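Computed from a predicted model, the values in this text were never measured in an experiment.
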Amino acid sequence: QVQLVESGGGLVQAGESLRLSCVASGTILSIDSIGWFRQSPGKQRELIATITSGGNTHYADSVKGRFTIYRDNAKNTVYLQMNSLKPEDTAGYYCNLPYDYRWKWGPGTQVTVSS
């Protein structure tokens, strides 16, 4: 069973940057697509970025141009570089399979952006 652990969140001011990491317990070489989600209290979980094994990426409009997803298969890790952070980016951030199936959710990592 694959385990996912997210890290890298924190408290920052608007305009600053963070890099989130998602480490899988097993190899991700066979994973076609993986993504980052976020969820604020009282809101639906939102898929904000995906990356395929070929390196193709897609982003939600809310983060396009500011966030970058990339993966390092040798380290079994997926990253989310977040620039120009805004208060509305405040949420818990999680990684998981974006389509059809989900692995067990990891603990997530909290990002809080102050104005």
Side-chain angles (χ1 to χ4, degrees):
Q1 178 94 4
V2 174
Q3 302 294 317
L4 303 168
V5 180
E6 302 91 348
S7 63
L11 174 62
V12 298
Q13 292 195 131
E16 294 183 339
S17 299
L18 284 172
R19 189 184 73 166
L20 307 184
S21 299
C22 168
V23 179
S25 61
T27 181
I28 61 171
L29 282 170
S30 62
I31 300 174
D32 181 47
S33 299
I34 194 164
W36 281 95
F37 300 76
R38 67 183 181 186
Q39 187 172 30
S40 299
K43 294 184 178 180
Q44 288 264 347
R45 200 183 309 274
E46 177 189 19
L47 177 65
I48 58 171
T50 63
I51 186 167
T52 69
S53 59
N56 294 322
T57 59
H58 292 89
Y59 300 93
D61 288 342
S62 57
V63 307
K64 192 175 297 181
R66 299 187 297 119
F67 291 9
T68 303
I69 185 173
Y70 59 102
R71 62 198 291 175
D72 186 338
N73 292 335
K75 296 181 178 179
N76 298 317
T77 302
V78 180
Y79 302 92
L80 186 68
Q81 178 67 46
M82 307 187 296
N83 298 327
S84 302
L85 283 162
K86 304 175 180 180
E88 50 263 46
D89 295 319
T90 296
Y93 284 73
Y94 304 81
C95 59
N96 215 319
L97 302 179
Y99 311 118
D100 299 324
Y101 301 100
R102 303 282 186 271
W103 287 325
K104 181 182 177 182
W105 294 101
T109 186
Q110 178 67 32
V111 172
T112 302
V113 184
S114 62
S115 58

Which atom names give the shortest non-hydrogen contact between [X] and [Y], and what distance separates them?
X: E6; Y: Y94; result: OE2-CA, 3.4 Å
X: G35; Y: P98; result: N-CD, 4.0 Å
X: I69; Y: I34; result: CD1-O, 3.9 Å
X: T52; Y: S33; result: CG2-OG, 3.7 Å
X: G10; Y: L18; result: N-CD1, 4.0 Å
X: A24; Y: L4; result: CB-CD2, 4.0 Å

D32 and Y99: CA distance, side-chain angles, deciding distance, side chain to side chain contact (heavy atoms under 4.5 Å, CB included) verdict: CA-CA 10 Å; D32 181 47; Y99 311 118; over 6 Å; no
Could you go through residues 107-115 and list every donor-acceptor pair under 3.5 Å that involves a side-chain atom there, pairing it with any protein atom two or more places apart or in another chain?
residue, atom, partner, partner atom, Å
T109, OG1, G9, N, 2.9
Q110, NE2, A91, O, 3.4
Q110, NE2, T112, OG1, 3.4
S114, OG, V12, O, 3.4

Could you tell me which residues satisfy side chain to side chain donor-acceptor pair (under 3.5 Å) with [X], sequence neighbours excluded, listed by chain and number?
X: Q81; answer: N83
X: D72; answer: none
X: R102; answer: none

Is [Y] reachable from [X] through a run of hydrophobic residues whose side-chain heavy atoms are each under 4.5 Å from the next?
X: W103; Y: L20; result: yes
X: V78; Y: L47; result: no
X: V2; Y: V23; result: no

Under a 3.5 Å distance rule, please check whether S40 uses its side chain to pair with a backbone N or O of T90 as donor and acceptor.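 At least one qualifying donor-acceptor pair exists.
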Remaining members of L11's ILVMFWY cluster at a side-chain heavy-atom cut-off under 4.5 Å?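 Cluster partners of L11: none, it stands alone.
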Please write out which residues are connected to Y70 in a hydrophobic cluster, directly or through intermediates, given that two of Ile, Leu, Val, Met, Phe, Trp, Tyr count as joined at side-chain heavy-atom separations below 4.5 angstrom.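 Via sub-4.5 Å side-chain contacts, Y70 links to Y79.
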Do the side chains of Y101 and N96 get nearer than 4.5 Å, heavy atoms only?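 Of all side-chain heavy-atom pairs linking Y101 with N96, none is under 4.5 Å.
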If you measure from OG on S84 to NZ on K86, what distance do you get to the nearest 0.5 Å?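 Interatomic distance, S84 OG to K86 NZ, rounded to 0.5 Å: 8.0 Å.
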Rounded to the nearest 0.5 Å, what separation is found between the CG atom of L80 and the CZ atom of R71?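 Those atoms lie 14.0 Å apart.
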Ring pair (Phe, Tyr, Trp, His ring centres under 6.0 Å) contacts in which one or both residues fall within residues 31-61, not counting sequence neighbours: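 Passing the test, one end in residues 31-61: F37-W105.
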Going by disulfide (SG to SG under 2.5 Å), name the pairs with one or both residues in residues 33-87, residues two or more places apart or in two chains.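 Found none.
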Which residue pairs pass the disulfide (SG to SG under 2.5 Å) test when at least one of the two sits in residues 61-105, sequence neighbours left out?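 Sorted result for residues 61-105: C22-C95.
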Salt bridge (charged side-chain N to carboxylate O under 4.0 Å, His left out) contacts in which one or both residues fall within [range], not counting sequence neighbours:
range: residues 49-66; value: D61-K64, R66-D89
range: residues 103-115; value: none
range: residues 41-54; value: R38-E46

